[in-house]
Amino acid sequence: ILLYLLYGSGYLFHSSGNMKFMLRQIKAIDFTMPQDTPRPIRHSVWKERATLSTRDEAGEPIAAKELDIALLVLYGHMLYSGNSFYPALNYFFRAYAIDDQNPAVLLSIALSFIHHSLKRQSENRHYLIMQGLSFMHEYRLVRQKPGTLLAEKQEMEFNFARVWHSLGLAHLAVEGYDRVLKLGEQIQKQAKQESLQEVTPAMDGGDVVMGDDGQHQKTSSPTGQPFVEDFSREAAYALQCIHVLSGNAQTAKAVTEKWLVI
C-alpha cells in the first residue's frame, strides 16, 4: 500500500502550499522542543518563519514534546513525489533516528536511494543501489519477525519483487512474485477457515477485512463477499508482463488463467 502512495502521489500532494505548511510545522516543532544547549540563532528568526498552529482551550500554543515521525515521513513523501530524493532522505533519516524498526521508514529510505540511482544526474549508481538494497534487507528483517501477519509478509515480498523488477533483474523479480502468490494462497486458505469457524460479518452483508491485530473488521460492500488484503493479482499481472516481454506466452497464459480471470 505504501508503494502505491510513493508511486501515485498527485499534484495536490506535492503542491507548493501544502509543502510550505508542512515545513512550517516541522520548523515549529524544532523550535519548541527542549534543547540541552542554547540555540545559536535569535528566537525572533524562528518565530518569523514558523509558529505553532495548535492551541489549547485558553488559546495558548501547544508546545511539542517530541518529534512526530508521521510528520517527518509525510513531508519526506512530498519531496519524494517531486523526484527530490536526496532532500527527502534528510527527513526520512530523522525519522529513522527515532525509530529504526519502522517498516515504512525503512522502505521509504530504500526507495529514495534506488530511485535516485535511476536518475540521469546520479553520480554513483552502484553505491546508491547498494545503499537502497541494504535498507530493503533491514525492511525484510523487520517484516519477518515472529508474530508478523501473513499479509504483512506478502506486502514485503511484493515490494521487494517490485524493486528487482524496476532494476531490470527479472529472474529475481519472478522468484519474488512467486513467493507473493504462495503467500496469497495461504492468506485465502486462512480466511476461508476462519469464516467457517465463526459467523462472519459477510453474512450480514459486510466484507471481512483483516485488521492490524489479525481480527476481522466489518466494512460495507454491496456484494457481501469476504475480502482480505492480498497482492496476488498485482504480482500475477507483473509476472504476466515479464513472461510476455520475454517471449514466454504459454507461461503468461497459464498465470493469467489461474490468477487474473474473474
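Along the sequence shown, residues carry numbers from 1.
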To the nearest 0.5 Å, tell me how far [X] [atom1] sits from [Y] [atom2].
X: Ile114; Y: Phe135; atom1: CD1; atom2: CZ; result: 11.0 Å
X: Leu181; Y: Ile187; atom1: CG; atom2: CD1; result: 11.0 Å
X: His116; Y: Ser84; atom1: NE2; atom2: OG; result: 10.5 Å
X: Leu72; Y: Ile98; atom1: CG; atom2: CD1; result: 5.5 Å
X: Asn102; Y: Glu138; atom1: CG; atom2: CD; result: 12.0 Å
X: Gln154; Y: Thr148; atom1: CD; atom2: OG1; result: 14.0 Å

[X] and [Y]: same hydrophobic cluster, using ILVMFWY side-chain contacts below 4.5 Å?
X: Leu172; Y: Leu167; result: yes
X: Val244; Y: Tyr237; result: no
X: Leu106; Y: Met130; result: no
X: Val163; Y: Leu141; result: no
X: Leu118; Y: Phe85; result: yes

For Glu175, what residues pass the salt bridge (Lys or Arg N to Asp or Glu O under 4.0 Å) criterion, not counting sequence neighbours?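 With sequence neighbours excluded, Glu175 shows a salt bridge (Lys or Arg N to Asp or Glu O under 4.0 Å) to no residue whatsoever.
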Shortest non-hydrogen contact between [X] and [Y], atoms and distance:
X: Ala88; Y: Gly76; answer: CB-O, 3.3 Å
X: Ala173; Y: Ala161; answer: CB-O, 3.7 Å
X: Ser117; Y: Ser122; answer: O-OG, 3.2 Å
X: Ala236; Y: Val255; answer: O-CG1, 3.6 Å
X: Asp230; Y: Gly184; answer: OD1-CA, 3.6 Å

For the pair Leu239 and Asp178, evaluate side-chain contact (heavy atoms from CB on, under 4.5 Å) and give the outcome as yes or no after the intermediate values. CA-CA 8 Å; Leu239 275 177; Asp178 286 336; 3.5 Å; yes
Go through the steps for Glu185 and Lys258 under the test salt bridge (Lys or Arg N to Asp or Glu O under 4.0 Å), then give the verdict. CA-CA 12 Å; Glu185 292 178 343; Lys258 181 175 180 180; 3.5 Å; yes
side-chain contact (heavy atoms from CB on, under 4.5 Å), that's the test. Do Gln186 and Gln190 meet it? Break it down for me. CA-CA 6 Å; Gln186 298 179 24; Gln190 182 181 19; over 6 Å; no
[X] side chain near [Y] side chain, heavy-atom distance below 4.5 Å:
X: Tyr96; Y: Val73; value: no
X: Arg94; Y: Ile26; value: yes
X: Glu229; Y: Glu155; value: yes
X: Trp259; Y: Arg233; value: no
X: Leu128; Y: Tyr86; value: yes
X: Lys153; Y: Gln144; value: no

Derivation of the side-chain contact (heavy atoms from CB on, under 4.5 Å) call for His115 and Tyr80: CA-CA 9 Å; His115 282 283; Tyr80 184 105; 2.7 Å; yes
List the steps, then state whether side-chain hydrogen bond (donor to acceptor under 3.5 Å, both in side chains) holds for Lys253 with Gln240. CA-CA 8 Å; Lys253 181 180 179 181; Gln240 179 197 59; over 6 Å; no
[atom1] ([X]) with more than 12 external heavy atoms under 6.0 Å:
X: Lys192; atom1: NZ; value: no
X: Gln121; atom1: CD; value: yes
X: Arg125; atom1: CZ; value: yes

Using the six-membered ring wherever Trp is involved, compare the ring planes of Phe113 and Phe93 and label them parallel, tilted or perpendicular (cut-offs 30° and 60°).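 Perpendicular: the ring planes of Phe113 and Phe93 meet at over 60°.
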Please work out which of the three classes, parallel, tilted or perpendicular, describes the rings of Tyr75 and Tyr91, given edges at 30° and 60°.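 Geometry flag for Tyr75 against Tyr91: perpendicular rings.
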Go through Asn248 and Ser246 one step at a time and tell me if the side-chain hydrogen bond (donor to acceptor under 3.5 Å, both in side chains) criterion holds. CA-CA 6 Å; Asn248 193 350; Ser246 63; 5.5 Å; no
N-O pairing of Arg140 and Glu157 below 4.0 Å: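 Between Glu157 and Arg140 there is a salt bridge, with a charged N closer than 4.0 Å to a carboxylate O.
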In sequence, state the C-alpha distance, the side-chain angles, and the governing distance for Asn159 and Tyr139, and then conclude on side-chain hydrogen bond (donor to acceptor under 3.5 Å, both in side chains). CA-CA 10 Å; Asn159 288 333; Tyr139 168 63; 3.0 Å; yes
Applying salt bridge (Lys or Arg N to Asp or Glu O under 4.0 Å), run through Arg162 and Glu234 and close with a yes or a no. CA-CA 10 Å; Arg162 283 289 299 160; Glu234 288 81 357; over 6 Å; no
Take Met136 and Leu107 through the test side-chain contact (heavy atoms from CB on, under 4.5 Å) and record every step on the way to the result. CA-CA 6 Å; Met136 285 297 296; Leu107 179 62; 3.7 Å; yes
